[in-house]
Peer 1: 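One structure, as C-alpha cells, below. Some questions next.
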Amino acid sequence: MCGRFALGIPRRQLEEHFAAEVPEVPPRINVAPSQPVLAIRLEHGRRVGRLLRWGLIPYWAKDEKIGWKTINARAESAAAMPAFRDSLRRRRCLVPADGFYEWDKSRKPREPHLFSLADASPMALAGLWDRWRPLDGGEAVESCTILTCPANALVARHHDRMPVILPPSAWAAWLDPATAPGALPALLKTCPAGQMAERLADIRINSPDFEPGAPG
DNA sequence: CCAGACGTTGTT
DNA sequence: GTCTGG
DNA sequence: CCAGACGTTGTT
DNA sequence: GTCTGG
C-alpha cells in the first residue's frame, strides 16, 4: 500500500522532469495522510502542480471524515466505487515522490524501508483528485488519493500492495481527461509488470531524522 | 419507498 | 450523487 | 501509514 | 482493540 512517502526534489528539477509548472514546496521525508501533497494535473491543457489534501473527499460527501479512509484506491476496483469512479474518469493526477515507505513489523521498533527508483529519478504515483464544498458554504477542499496495485516481488517481501508507478510514457494519457476509460486498465498495469518495477531499489532507513510520529 | 453507506490496509 | 439493504 | 487517546454531563 | 488526528 502507500501510507507514507518522501518528496524532497527541488522545484526546478520537478518542473523539468514533469514538464509542469510547480509551486515551491518544502522538502519532506515523511508525508502523511491528511497533509497537503503535491499533485500534478492538467489545467487548460497545461500541467500544473497543486497542493491537495491527501485523502480523497468525494464531492457528494456530507463531511470530510471519509478522507481518512480514502488515502488509497484499489486500481482493480476504483472504476466501480462511488467514491472514486468519477475522479477516475475525469480527474486524474500524478503525485511526485522520491520513494514510498513500507514497514517491517517483525522488528522492534518497526523499521521503515524506502522504495525508490534505482536511477534515483522522481517517481510518478498514479493519483485521483476531487473538489468538495462544505454544506455550510465554507471554502472548497481539493483532495487526492493514490492508486494501489498488487506488490511486485521486491515489495512483496514486506507487503502485498504497492502504489501504482507510472512511467513517463504513460503520463500524458493518464492526465488527459479525454483518454477513453477503456484505455486506463492498460496504463495501470504498467506497475508492477512493467519496466519501472524492475528498477525499484529497496533502501533501509536508519536515519535518526526519520520519526514517523512527527511528520516532516 | 426511506435510510444509510459510500474506503483501504492489516491482522486475527 | 447514487446505490444497496430493509 | 503511525501515534496517541481511550471521559462525562446536558443541550441542541 | 479501535478510533482519531497528523
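The shown structure was predicted, so the numbers you read here are calculated from the model rather than taken from an experiment. A note on names: the letters A, B, ... follow the listed sequences, proteins ahead of strands, and every chain is numbered from 1.
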Peer 1: Would you call E142(A) and R91(A) a salt bridge, using N to O less than 4.0 angstrom?
Peer 2: no
Peer 1: Of the listed nucleotides (dG5(E), dC3(C), dC2(D)), which one gets closest to any side-chain atom of R4(A)?
Peer 2: dC2(D)
Peer 1: With sequence neighbours left out, which residue pairs that include part of residues 34-67 of chain A fulfil the ring pair (Phe, Tyr, Trp, His ring centres under 6.0 Å) condition?
Peer 2: F5(A)-W54(A)
Peer 1: Report the C-alpha separation of T148(A) and R74(A) in whole Å, then their side-chain angles, then the decisive distance to 0.1 Å, and conclude whether the side-chain hydrogen bond (donor to acceptor under 3.5 Å, both in side chains) test is met.
Peer 2: CA-CA 5 Å; T148(A) 64; R74(A) 295 174 69 90; 5.6 Å; no
Peer 1: Which atom pairs link the protein and nucleotides 9-12 of chain B when you take only N or O atoms and keep those under 3.5 Å?
Peer 2:
| residue | atom | partner | partner atom | Å |
| --- | --- | --- | --- | --- |
| dT9(B) | OP1 | T148(A) | OG1 | 2.6 |
| dT9(B) | OP1 | R161(A) | NE | 3.3 |
| dT9(B) | OP2 | R74(A) | NH1 | 2.6 |
| dG10(B) | OP1 | H159(A) | ND1 | 2.8 |
| dG10(B) | OP2 | D160(A) | OD1 | 3.0 |

Peer 1: Using both pair distances under 3.5 Å as the test, note the stems of at least 3 consecutive Watson-Crick or G-U pairs that include DNA chain D.
Peer 2: D:1-6 with E:1-6
Peer 1: Quick one: closest heavy-atom pair of A78(A) and F84(A), and the distance?
Peer 2: O-CB, 3.7 Å
Peer 1: I'd like the P distance from dG5(E) over to dT9(B), given in whole Å.
Peer 2: 23 Å
Peer 1: Show me the pairs that pass ring pair (Phe, Tyr, Trp, His ring centres under 6.0 Å) and involve residues 130-168 of chain A, at least two apart or across chains.
Peer 2: H113(A)-H158(A), F115(A)-H158(A)
Peer 1: Looking only at atom C1', what distance separates dG6(E) and dC2(B), rounded to whole Å?
Peer 2: 37 Å
Peer 1: If the C1' atom of dG7(D) is compared with that of dG4(B), how far apart are they to the nearest Å?
Peer 2: 28 Å
Peer 1: Take atom P in dA3(D) and the same atom in dG10(B), then report the distance between them in whole Å.
Peer 2: 16 Å
Peer 1: Once you apply a heavy-atom cut-off of 4.0 Å, does R53(A) come out as touching a base, just sugar-phosphate, or nothing?
Peer 2: nothing
Peer 1: To the nearest angstrom, how far is L88(A) atom CG from dC6(B) atom C1'?
Peer 2: 16 Å
Peer 1: In whole Å, I'd like the distance from the CZ atom of R85(A) to the C1' atom of dG1(C).
Peer 2: 8 Å
Peer 1: Report yes if the ring of W60(A) lies under 5.5 Å from the six-membered base ring of dC6(B) with planes under 30°, and no otherwise.
Peer 2: yes
Peer 1: Say you pick atom P in dT2(E) and the same atom in dT12(B); how far apart are they, in whole Å?
Peer 2: 12 Å
Peer 1: Counting only side-chain heavy atoms from C-beta out, which of dC6(B), dT8(B), dC2(D) sits nearest to F84(A)?
Peer 2: dT8(B)
Peer 1: Does anything in residues 145-159 of chain A pair up under salt bridge (Lys or Arg N to Asp or Glu O under 4.0 Å), and if so which pairs, sequence neighbours excluded?
Peer 2: R157(A)-D202(A)
Peer 1: Taking the same atom, C1', in dG1(E) and in dT11(B), what whole-Å distance lies between them?
Peer 2: 11 Å
Peer 1: Can you find a side chain N or O atom of S77(A) that sits less than 4.0 Å from OP1 or OP2 on dT8(B)?
Peer 2: yes
Peer 1: With heavy atoms under 4.0 Å as the rule, sort Y101(A) into base, sugar-phosphate or nothing.
Peer 2: nothing
Peer 1: Output the single nucleotide from dC6(B), dT8(B), dG6(E) whose closest atom is nearest the side chain of P33(A).
Peer 2: dG6(E)
Peer 1: Do I205(A) and I29(A) share a hydrophobic cluster (ILVMFWY, side-chain heavy atoms under 4.5 Å, transitive)?
Peer 2: yes
Peer 1: Could you check whether atom CZ of R90(A) has more than 12 heavy atoms from other residues, nucleotides or ligands sitting under 6.0 Å from it?
Peer 2: no
Peer 1: Determine the interatomic distance between C1' on dC1(B) and the same-named atom on dT8(D); round to the nearest Å.
Peer 2: 40 Å
Peer 1: Charged N to carboxylate O under 4.0 angstrom, R46(A) versus E21(A)?
Peer 2: no
Peer 1: Can you sort out the partners of D63(A) under side-chain hydrogen bond (donor to acceptor under 3.5 Å, both in side chains), two or more places apart, ordered by chain and number?
Peer 2: none
Peer 1: So F5(A), base contact, sugar-phosphate only, or nothing? Heavy-atom distance under 4.0 Å.
Peer 2: nothing
